[in-house]
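Below you'll find the structure, written out as C-alpha cells, and then a few comments.
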Amino acid sequence: MSLFDDIALPPTAASAAGEALIEGLNPPQREAVLHHGSPLLIVAGAGSGKTRVLTHRIAYLLAERNVQTHQVLAITFTNKAAAEMRERVQALIGPRAKAMWVSTFHSACVRILRREAGSVGLKSGFSIYDAADSQRLMAMVVRELDLDPKRYPPRAFSTQVSNLKNELVDEETFAARSAEGDHTTRMLASAYSFYQRRLRQANALDFDDLIMTTVNILQAFPAVAEHYRRRFRHVLVDEYQDTNHAQYVLVRELTRGVPAVTTQSGMSAAVPAAELCVVGDADQSIYAFRGASIRNIVEFEQDYPDARTILLEQNYRSTQTILQAANAVIAGNSARTPKKLWTDSGAGPQIVGYVADSEHDEAAFVARQIGDLRRDHGVTPGDVAVFYRTNAMSRAVEEVFVRVGLPYKVVGGTRFYERREVKDALAYLRVIANPTDTVNLRRIINVPKRGIGERAEACIAQLAEREGIGFVQALAMPQDAPGIAARSVTAITAFTRLLEDLRTVYEGGSGVAGLLEAVLEQSGYLAQLRGSPDPQDETRLDNLSELLSVAREFDEAAVADGVSTSLDDFLERVSLVADADEIPDHADEADGADQGVITLMTLHTAKGLEFPVVFLVGLEEGTFPHQRALTGGDPKELEEERRLAYVGITRARQRLHISRAVVRAAWGQPQYFPESRFVAEVPSALIDWQRVEPSRYGGADRSGDRAGARSGGRYGDREPALATLAARPGSRSPGNRPVIALEPGDRVSHDAFGLGSVVRIEGSGDKAMAHVDFGGGQVKRLLLRYAPLEKL
DNA sequence: GCACGAGCCCTTTTT
DNA sequence: GGGCTCGTGC
C-alpha cells in the first residue's frame, strides 16, 4: 500500500530507452528526473533516494535530451560523492559521462580559477591554504600588527574573516564599514586586509577565497562570465541546504542567461538561463557554523519565481522504528515545514539503549554488542558505524576496540594531510611549485633543524621590509640582512641551494614521487626521523611512505591517462580532499575474508552515508547537544544540534543503538552529564533499555537519577567507577563540575558556607559566577564551575 | 641556536 | 591528554 496509489498517471518518458532510465522510480522521483525547463527544487527527506534521482536526471539529460557532456555541471558535497555520482552515471549511459564536471564547489572553482587567475593577477600555480594554513598566516599577521594574541586570538580572526568571505564582504568594504566600529572591529578590519595582502604576496588562496574570487571574477569580467554561461546549460547542486551565500551567488551567476549582443565582429546569439536543479533537506542543514544558509533552500521559490518544487518523502533506507524516532526528534524544531518521512518496510528491531558509567564502559558496551550481532545476526564489521559529536570522543572507543581486537577505521579527526610530517613534506612541494609561498617557506626553513633560527629569520624579514621585496627574494641575499650572523648566512645559502637542487630534480622529469623522495632524502628529513628515539617517529615514517605511494599512484595515473603530470595538480588534489573521501566501501566487501572494518566518525562526517548498524554514543546534555549550543544563548544553535541528531538517527538502516555515559572525562577530569534531551524525545516504546542509570535506591526511575546526576553524584556502591567518585562528596577535584543553572532568588547550599540565596549571576558557561548571600552580610562571589554548590 | 620542561590554552562540527 | 609558547641551561 503506497501513498501514490491514488495517482492515476505516473509520469512517463518519451522513449523506450528513456523509460528504462526511470524504471523502478516512484512517481515524484520520475517527475524530478523528467522535469523540463524551469528551475527545480527537490525537497528530499533522509533516505529518499535523492542522489539516485540526481544521478538518473543527469543520465536522462545526456541520453535522452540531447545535452552534451560538457554542458553539465554537477556539484556534490564531497569528492567521494562526486566520484560515485560519475561512476553511477557511467553505469547508466556509458563512458561519455567521464568528461562531465562533477565536483565540489571548491574543485569547480579551482578549475575556473586555473583558467582565469590571470585576470586578478594570480599566477596559475597558486597555493591553496587550508584552515590550519590560514590560521598560521593569521598568526603571522597578528604578530606583524603588534597585537596581543591573547586579546585577539588568530583563531577567532580567522573564523571571522572566513565568515566575511562567505558573505562576499571584501576587505575594503569591511574596512570602510567598520571605521566607526569599536576597537576590536577595527583591528579585525586591519587584520583582514593585511591577511589578504599576505595571501596575494604568497600567490595563495584560502578555501573561502576559492569561491569568493571566482564570484568576483564572474562579476567583474562579463566576457569570462559569458563563457561559462554559454557552456553550462545544466547546473545541479546536491545538499543545497548546506550552501552558503557565496556559493548561492556563484550558482546564480553561472546560471544567468546571455542576451544577444551586436559587436564589431557580428551578432552573438542569446542564450537562455541554464536549467538549475537543486536537491536538499532543510532538516539536514548542519553547517550553519561555516556560513551555510538554510534560506537558500527555504526561499528557493522566491529566488526563482517560476521554480517547481517536488517533495520526496518516502524513505527507502530505514525501518519504521528508526524513522519514528527521527521524526519525533526533528519535530522538536519550530519554524520548519513539516515533512513526514514514511516507509513501507517493516518495524524492524527496537532501538537498543544503554546507560554507561563512563565512556570506557560505553565503548565496552559497543564492542560487546558488535560481538553479539556478529554471532547472532551475521553482522560484519563493515556494516557497523559509530558516530560521536566531537572528534576527541573517538579515543575511548578506539582503546576498547584495540584491546578486544575489533578492526576499525577513524574517518576525519587528525587527518592524514594535517599530520605534521605530511604537512612538512607538502610544504616543500608547495614551495617548489610556488616559490613565493611564504607561509610554507617559513614552515620548512628550519625543518629539519639546519641552524636558521628565529633570529636569522627575523633578519631576513627585516631585509625584505627595508628593500620592499618579498621574503623569498630577501632569502637569496642573506649577506645583506642587517645584523645577521655569518653562520646563519652560510645556513641560508645552503638552504636556498637545496631548494634549487630540488627544483632541478623535478624539472629533470622525476615526477611527483621522485621529487618527494628527493625532498625527504636531501633535506635530511628521513635521516632525522630514522635516527630518532621517539617511537612516534616510527609512525611518522609510515605516514611519509604512505604519502609517497599516493604520489606514485598519481604519477602512474597521469601516465595511464596520457596527461603530462603536474605538481600543481597533485597539490590541488591533496589540498581539496577530506578524509571523508576515504570512507571504506563496506557493502560490497562482504564476500568471505574481507569483512570490512567498523567506521568511526563524527556526526557531521556521517552526512550522506548509511549503515545497516549504527551506534550513537555520548547522548548527554553538554556532549550532544554540545555545551556551546546550550550556553551560547542562540536557540538556532540548539536547532542545528537537533538536526544533527536527526542526521545521525537516519543513517541507520536496520539497527540503531543509543548510549550515554553518566560520567565522562573532559580535559582529563571526570565530569557528570545528564541524559540528552534528544533521548527523552524518542517515544519510549521504541527503545529497549539494556541498562539504565543506577541509583542509590536501586530502582530504574530515570527521572530521579537525573536529578542525582546533576546535583553531584549520589550513587550506589554497586558501581565501582561511581563509588570512587561518590566517596568524596563535595570535594571533587576543581574545575570539573557541571555548571548548575541558577537564577537570582534561588536557594542554595554550600559545603562550607551553608545555606544562602542567590543575589545575581554574571557570565555564562564555564565563567558563570554567582553572588550568593549566606547571611550575616556575607555575600560571596563563587565560580559555579568550582564551587561546591547545590541548588535546593 | 636548540633541547627540555612548566604552564597555558584548549574542543565543536569541515569543504 | 595534547599542542603550543615561554623560560632556562647548555
Side-chain angles (χ1 to χ4, degrees), chain A residues 75-82 103-110 128-132 134-136 139 143 149-150 153-156 159 162 165-166 206-211 238-239 242-244 246-247 285-292 387-396 399 411-415 417-420 446-458 485 487-488 491 532 534 536 575-581 601-608 618 622-632 637 640-641 643-645 647-648 665-669 735 765-766:
Chain A
I75 305 285
T76 57
F77 197 71
T78 63
N79 290 298
K80 165 108 190 222
S103 68
T104 60
F105 272 108
H106 290 85
S107 300
C109 286
V110 169
I128 299 167
Y129 283 2
D130 65 15
S134 305
Q135 273 176 33
R136 191 176 277 261
R143 227 172 296 147
K150 294 245 160 59
R155 259 171 175 282
T159 322
S162 168
K165 290 183 179 185
N166 287 332
D206 66 19
F207 268 36
D208 309 299
D209 271 339
L210 292 177
I211 317 278
D238 199 0
E239 310 282 12
D242 286 319
T243 52
N244 61 35
Q247 290 165 338
S285 157
I286 54 174
Y287 282 98
F289 71 89
R290 71 171 203 218
F387 302 147
Y388 34 79
R389 178 64 179 81
T390 62
N391 283 305
M393 291 165 70
S394 74
R395 198 168 299 132
E399 276 168 20
V411 181
T414 36
R415 304 175 148 61
Y417 289 107
E418 278 169 24
R419 282 162 221 250
R420 202 204 326 164
N446 202 26
V447 177
K449 299 258 180 282
R450 51 172 69 92
I452 310 174
E454 210 176 305
R455 175 79 213 247
E457 203 184 319
R487 212 157 26 120
S488 308
S532 157
D534 187 344
Q536 264 200 351
S575 300
L576 295 178
V577 298
D579 263 14
D581 296 334
M601 59 178 135
T602 65
L603 286 152
H604 282 87
T605 315
K607 190 174 74 143
T623 306
F624 183 35
H626 195 273
Q627 192 62 41
R628 290 174 95 105
L630 295 174
T631 49
E637 284 189 56
E640 181 145 318
E641 296 283 315
R643 290 194 291 269
L644 197 52
V647 167
W667 305 280
Q669 294 287 317
D766 286 351

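Letters go in sequence order (proteins before strands), and every chain restarts at 1.
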Integer-rounded Å distance: dT13(B) P and R643(A) CZ: 18 Å
Within the side chain of D238(A), is there an N or O that forms a donor-acceptor pair under 3.5 Å with the backbone of F77(A)? no
Indicate the atoms forming the closest heavy-atom contact of I452(A) with A491(A), along with that distance. CG1-CB, 3.8 Å
Measuring only between side-chain heavy atoms, which start at C-beta, is H626(A) closer than 4.5 Å to T390(A)? yes
Whole-Å C1' distance, dG1(C) and dC9(B): 13 Å
Could you tell me whether N391(A) contacts a base, only the sugar-phosphate backbone, or nothing, with contacts defined as non-hydrogen atoms closer than 4.0 Å? sugar-phosphate
Report yes if the distance between the aromatic ring centroids of F105(A) and F207(A) is under 6.0 Å, otherwise no. no
Would you indicate, yes or no, if dT13(B) has its OP1 or OP2 atom less than 4.0 angstrom from a side-chain nitrogen or oxygen of T605(A)? no
Distance check needed: dT15(B) P versus Y417(A) OH, whole Å only. 13 Å
In whole angstrom, what separates Y388(A)'s OH from dT11(B)'s P? 18 Å
Rounding to an integer number of Å, can you tell me how far D206(A) CG sits from dT14(B) P? 18 Å
Separation of dT11(B) atom C1' from R155(A) atom CZ, nearest Å, is 8 Å
Quick one: which of dG1(C), dT15(B), dT11(B) gets closest to the side chain of R395(A)? dG1(C)
Give E637(A) one of three labels, base, sugar-phosphate or nothing, depending on what nucleic acid heavy atoms sit under 4.0 Å from its own. base
N/O contacts under 3.5 Å, protein versus nucleotides 1-4 of chain B?
{"from": "dG1(B)", "atom 1": "OP2", "to": "G453(A)", "atom 2": "N", "distance (Å)": "3.0"}
{"from": "dC2(B)", "atom 1": "OP1", "to": "G451(A)", "atom 2": "N", "distance (Å)": "3.1"}
{"from": "dC2(B)", "atom 1": "OP2", "to": "N446(A)", "atom 2": "ND2", "distance (Å)": "3.0"}

R290(A)/D242(A) ion pair, N-O < 4.0 Å: no
Using Watson-Crick and G-U wobble pairs with both distances under 3.5 Å, what is the 5'-to-3' dot-bracket string of DNA chain C, with [ ] for crossing pairs and | for pairs outside the strand? .|||||||||
For F289(A) and dT13(B), do the ring centres fall under 5.5 Å apart while the planes stay under 30° apart? yes
Measure the shortest side-chain to side-chain distance between T243(A) and Y287(A) over non-hydrogen atoms and say whether it is less than 4.5 angstrom. no
To the nearest angstrom, how far is Q247(A) atom CD from dT14(B) atom C1'? 12 Å
Can you tell which of dT15(B), dT13(B), dT11(B) lies closest to the side chain of T104(A)? dT15(B)
H604(A) and F289(A) aromatic centres sub-6.0 Å: yes
Of the non-hydrogen atoms in I75(A) and T104(A), which two are nearest, and what is the gap between them? CG2-C, 4.1 Å
Testing the basics here: between E641(A) and A629(A), what is the closest heavy-atom pair and its distance to 0.1 Å? CG-CB, 3.5 Å
Picking from D206(A), D209(A), D208(A), what satisfies side-chain hydrogen bond (donor to acceptor under 3.5 Å, both in side chains) with S162(A)? D208(A)
Interface polar pairs with nucleotides 4-10 of chain C, N/O, under 3.5 angstrom:
none

Between P on dT13(B) and NE2 on H604(A), what's the gap in Å once rounded to a whole number? 9 Å
In whole angstrom, what separates L576(A)'s CG from dT15(B)'s P? 10 Å
Classify the side-chain pair T602(A)/N391(A) by whether it contains a donor and acceptor separated by less than 3.5 Å. no
Is F105(A) touching bases, backbone alone, or none of the nucleic acid, heavy atoms closer than 4.0 Å? nothing
Using atom types as modelled and distance alone, determine if a side-chain donor or acceptor of N446(A) lies under 3.5 Å from a backbone N or O of K449(A). no
